[in-house]
Amino acid sequence: MTNTEKNLLLIDGSSIAFRAFFALYTQIDRFVAPSGLHTNAIFAFHTMLRNVLDKVQPTHVLVAFDAGKTTFRTEMFADYKAGRAKTPDEFREQMPFIKEMLEAQGITHYDLTNFEADDIIGTLATQAEKAGFDKVTVVSGDRDLTQLTTEKTTVEITIKGVAELETYTPAYLNEKLGLTTEQFIDLKALMGDKSDNIPGVTKIGEKTGIKLLLEYGSLAGIYDHVDQMKTSKMKENLINDREQAFLSRELATIDLDSPIKIGLDETLYQGADYDKLKAFYKEMGFHKFLEDLEGVTEKVVEVIEFTVITDKPSPDMFHEDQFFYLEILGDDYHRDEIIGFAWGDDKQIYVSKDTSLLAAISFPKNTFDFKKNKVLLARQGIDYPLVSFDTMLAKYLYSTIENNKISTIADLFGYDLADDELVYGKGAKRAVPEDAVLFDHLARKIAALVKTKTPLVDKLRENDQEKLLSDIELPLANVLAKMEITGIKVSGGVLSEIGLENEQVIKALTAEIYELAGEPFNINSPKQLGVILFEKMGLPAIKKTKTGYSTAVDVLEQLAAQAPIVDKILKFRQISKIQSTYVTGLLGEIMADGKIHTRYVQDLTQTGRLSSVQPNLQNIPVRLPEGRKIRKAFLPENTDSVLLSSDYSQIELRVLAHISGDEHLISAFQKGADIHTSTAMRVFGIDKPEDVTANDRRNAKAVNFGVVYGISDFGLSNNLGISRKAAKTYIETYFERYPDIKNYMENSVRSARDTGFVETLYHRRRNLPDINARNFSVRSFAERTAINSPIQGSAADILKVAMINLDKALQAGNYQAKMLLQVHDEIVLDVPNEELSAVQALVKLTMEDAITLAVPLLVDENSGKTWYEAK
DNA sequence: TGCCTCACG
DNA sequence: ACGTACGTGAGGCAA
């Protein structure tokens with residue numbers, strides 16, 4: 001029979017964490033994780049934990065935490081723990097990570113509403129003794145817990161930080177104070193406790209308290225005899241504070257029978273989860289621990305066995321739980337060729353570079369970057385049906401801070417994988433390596449994907465993001481793949497025509513500018529332009545950049561009245577921009593099929609929006625007529641179809657109305673009011689909409705934008721060209737009239753401070769490591785982000801849901817109409833003429849019903865023979 | 001490669 | 001006092 005001794009270790013997590021924080025407080029700036037999080041308390045807590053685990057060798061462990069500010073003790077005595085200094089932000093931000101560390105260590109932690117960690121510990125210690133445990137060890141930074149010492153229960157109290165412990169047994173307590181554990185509680189009742197704000201009896205401290213207890217046995221004994229005591233100030237105090245003394249006793253007594261919902265068997269210590277622990281150490285920047293750990297655990301990604309397939313693979317080589325991955329050298333999967341592929345699990349990995357074998361693949365359900373793989377396979381004429389897991393998307397949902405390369409993800413979870421740059425080279429030197437190197441790298445990628453899936457899935461589950469992956473990002477990837485493959489027809493002829501006109505204009509403007517400047521120079525060079533305007537011509541330099549004079553639009557616009565050259569330069573800039581980015585740029589992206597196939601980057605933005613690259617089709621000009629003409633080149637596939645553009649009206653403000661619950665904003669949207677006019681009326685105290693001037697509305701619109709962005713007086717004043725003081729007044733009035741918007745903003749920031757992140761309606765997260773930064777501007781930025789991200793992100797989520805639903809609805813209705821583009825709050829479709837009225841209704845309905853909010857969603861639609869006409 | 005500028009939501 | 005509006009991509013310049 002093996003040793004069956006049961007040995008329980010109970011740790012007072014809240015008190016130890018607090019001690020740990022101050023133990024390394026002087027070195028706080030040395031303990032910073034890569035994310036910016038302070039780690040001094042985490043580090044010291046970890047050290048203490050390792051020491052104690054080593055010393056006690058427990059079979060069961062539990063770390064108890066205080067649940068919150070109010071407990072049953074505050075019900076008894078409102079001032080319990082009152083007057084305590086607010087815990088520093090640098091400390092609070094570490095608490096969730098201490099818990100994460102415990103989870104990685106395989107240690108249960110627990111808290112209970114209305115009770116303190118002491119009570120959980122006392123209750124479990126009592127239960128353990130009754131259940132026949134051989135030994136219980138309690139660790140705390142609070143000497144009050146010594147009242148739990150019994151023959152079987154030892155209490156360890158930290159001294160000097162958290163490195164050394166003082167061991168309390170009944171014998172030691174007796175030796176040290178001459179008291180029993182019962183008497184120790186009475187002592188506290190007499191003395192009180194400054195840190196917990198327990199009053200005790202006036203003027204009685206440790207010495208007098210002990211003397212009295214030794215003489216009368218107990219608190220009750222003292223009061224039984226108080227009348228017989230000879231007259232003294234102390235006697236008077238005892239009598240006066242009698243009630244207070246007994247209340248103090250109750251407050252100081254640990255509850256040994258608190259209603260915990262955790263059993264002793266749940267405290268069983270199973271040892272650390274090395275994968276989690278490695279990922280945790282990495283996240284915290286605990287390099288030394290990481291090295292120690294890697295000494296004892298294998299680096300699985302290092303040792304790879306794989307089979308190179310040269311013949312048609314057989315069906316028994318596939319099953320759903322494997323990962324599949326296709327490799328290209330760059331990012332451009334619309335043009336680059338497949339250089340190899342691999343699939344497998346933790347037992348067997350297959351690799352090949354023979355693309356003719358792809359037709360025989362039966363696809364596993366896991367991959368990395370489904371959209372890319374789907375597009376690459378579509379180019380081979382192969383359909384890749386939707387998978388159930390995509391590591392790239394999962395990682396993006398878990399954290400947007402790092403990039404989502406396989407090597408980065410491997411690294412994040414403690415595995416080592418060579419970066420693509422290292423294997424394939426970069427820039428001009430990038431090339432397909434020799435087979436052995438390529439196959440090895442591909443096999444390692446599969447191994448890394450297999451290894452990191454479980455911890456990633458765990459993270460998503462912890463963060464309540466499983467549905468966000470399975471119901472939004474994954475199906476969206478499928479929809480986006482189809483849109484990218486479809487592409488949009490762009491007329492090179494129309495672009496070239498615009499280009500020729502632009503060249504004439506640019507030529508004429510260039511001549512006029514040289515004439516006015518008195519010399520030729522490169523107008524596109526801000527540096528040369530600065531010299532001409534601010535040195536040669538002596539115009540006032542309003543703004544500076546890091547490298548010299550600013551020549552940005554807002555600066556030039558202020559100078560326009562002073563020199564005719566300025567307007568010419570502005571016009572030159574405008575047309576040059578159109579020419580280089582939109583005429584030349586887009587012409588270079590039209591592929592052999594006469595279409596542009598953009599790539600939607602699904603794993604990049606901090607808020608959950610998509611981005612569009614190569615080319616960017618989300619910033620095609622629309623505001624100014626000269627640029628807007630570019631849209632005449634964007635065409636439907638056939639002459640008998642049109643482009644339909646459907647966009648949400650004010651989706652971000654509607655989301656804000658919903659999230660904040662502000663009754664005024666909600667009712668304005670419910671009434672279908674013009675929202676900026678309505679804001680103007682409320683903020684400027686105007687009774688009738690017709691009395692709102694264009695200027696009032698413009699100002700109100702700027703305020704509404706500001707609110708969504710995380711308003712500041714400076715930003716608003718800049719935007720509106722008014723004084724900071726005036727902007728401040730606007731904001732103050734706005735907050736008075738929309739109090740729930742103010743509450744939303746404050747709550748967002750507060751919650752970000754407590755948890756380190758904010759989230760959207762669909763649990764998309766943005767971590768904000770800078771929210772407690774000491775640097776004002778760094779912290780302010782994080783605060784504005786805390787306000788903006790849930791709004792922008794929820795709006796992005798909603799359009800994603802709409803796109804997924806629309807894709808389904810179009811299929812179900814057997815329509816030929818196809819989604820082509822997404823521009824943040826807009827979807828562009830190619831619709832055959834005969835389907836137009838039905839599809840137009842379907843798109844509107846689908847978008848407006850994507851989610852039910854406290855306000856209606858409204859979609860505006862336009863169609864035409866070009867994108868220009870569909871606006 | 002970093003900076004400036006400017007296109008979009 | 002601090003020094004900002006939120007989120008992107010691309011072209012041209014200057015090192």
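Chain naming here is simple, since letters A, B, ... match the order of the sequence lines and numbering starts at 1 in each.
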Legend entry - Strand-adjacent residues in residues 734-762 of chain A, judged by heavy atoms under 4.0 Å from DNA chain B: none
Inset, instruction - Could you check whether A/Q528 gets within reach of a base, just the sugar-phosphate, or nothing at all, counting any heavy atom under 4.0 Å? - result: sugar-phosphate
Legend entry - Proximity to DNA chain B (any heavy atom under 4.0 Å), residues of residues 540-578 of chain A only: A/T545, A/K546, A/T547, A/S550, A/T551, A/A552, A/V553, A/R573, A/K577
Inset, instruction - State, without any angle test, whether A/T408 and A/N403 hold a side-chain donor-acceptor pair at a distance under 3.5 Å. - result: yes
Inset, instruction - Let me have DNA chain C in dot-bracket notation, would you? Count Watson-Crick plus G-U wobble pairs, both distances under 3.5 Å, and use [ ] for pairs crossing earlier ones and | for inter-strand partners. - result: .....|||||||||.
Inset, instruction - Could you tell me whether the side chain of A/T607 and the main chain of A/S789 form a donor-acceptor pair under 3.5 Å? - result: no
Legend entry - Distance, C1' atom - from B/dC8 to C/dG3, rounded to whole angstrom: 26 Å
Legend entry - Side chain A/K426, main chain A/R430, donor-acceptor under 3.5 Å: no
Legend entry - Nucleotide-resolved protein contact map, nucleotides 1-8 of chain C, B/S/- at heavy-atom distance under 4.0 Å: -BBBBBBS
Inset, instruction - Identify, with sequence neighbours excluded, every residue that meets ring-ring contact (aromatic ring centres under 6.0 Å, His included) alongside A/F781. - result: none
Legend entry - A/T605, A/T785, A/I401 screened by side chain to side chain contact (heavy atoms under 4.5 Å, CB included) with A/R766, the one that passes: A/T785
Legend entry - Short side-chain N/O contact from A/N522 to OP1 or OP2 of C/dG12, under 4.0 Å: no
Legend entry - Interatomic distance at P, C/dC2 relative to B/dA7, whole Å: 33 Å
Inset, instruction - Fit a plane to each ring of A/F534 and A/Y549, take the angle between them on a 0 to 90° scale, and name the class: parallel (under 30°), tilted (30 to 60°) or perpendicular (over 60°). - result: tilted
Inset, instruction - Ignoring hydrogens and angles, state whether a donor on the side chain of A/N699 or A/D696 is under 3.5 Å from an acceptor on the partner side chain. - result: no
Legend entry - Donor-acceptor contact present, side-chain A/R764 to main-chain A/G793, <3.5 Å: no
Inset, instruction - Would you check if there is a donor-acceptor pair between the side chains of A/E484 and A/Y333 at a distance under 3.5 Å? - result: yes
Legend entry - Check: A/Q840 side chain, A/L644 main-chain N or O, donor-acceptor pair, under 3.5 Å: no
Legend entry - Donor-acceptor contact present, side-chain A/Q465 to main-chain A/L397, <3.5 Å: yes
Inset, instruction - Extract, from 5' to 3' on DNA chain B, the first and final nucleotides lying under 4.0 angstrom from some heavy atom of chain A. - result: B/dC3 to B/dG9
Inset, instruction - Look only at the side chain of A/N747 and the backbone of A/N743, and say whether a donor-acceptor pair between them is shorter than 3.5 Å. - result: yes
Inset, instruction - For the residue pair A/D674 and A/T677, confirm or rule out a side-chain donor-acceptor distance under 3.5 Å. - result: yes
Legend entry - Inter-nucleotide P distance (B/dT5, C/dT4), Å rounded: 15 Å
Legend entry - Check: A/E535 side chain, A/G530 main-chain N or O, donor-acceptor pair, under 3.5 Å: no
Legend entry - Backbone of A/P790 reached by a side-chain donor or acceptor of A/T760 within 3.5 Å: no
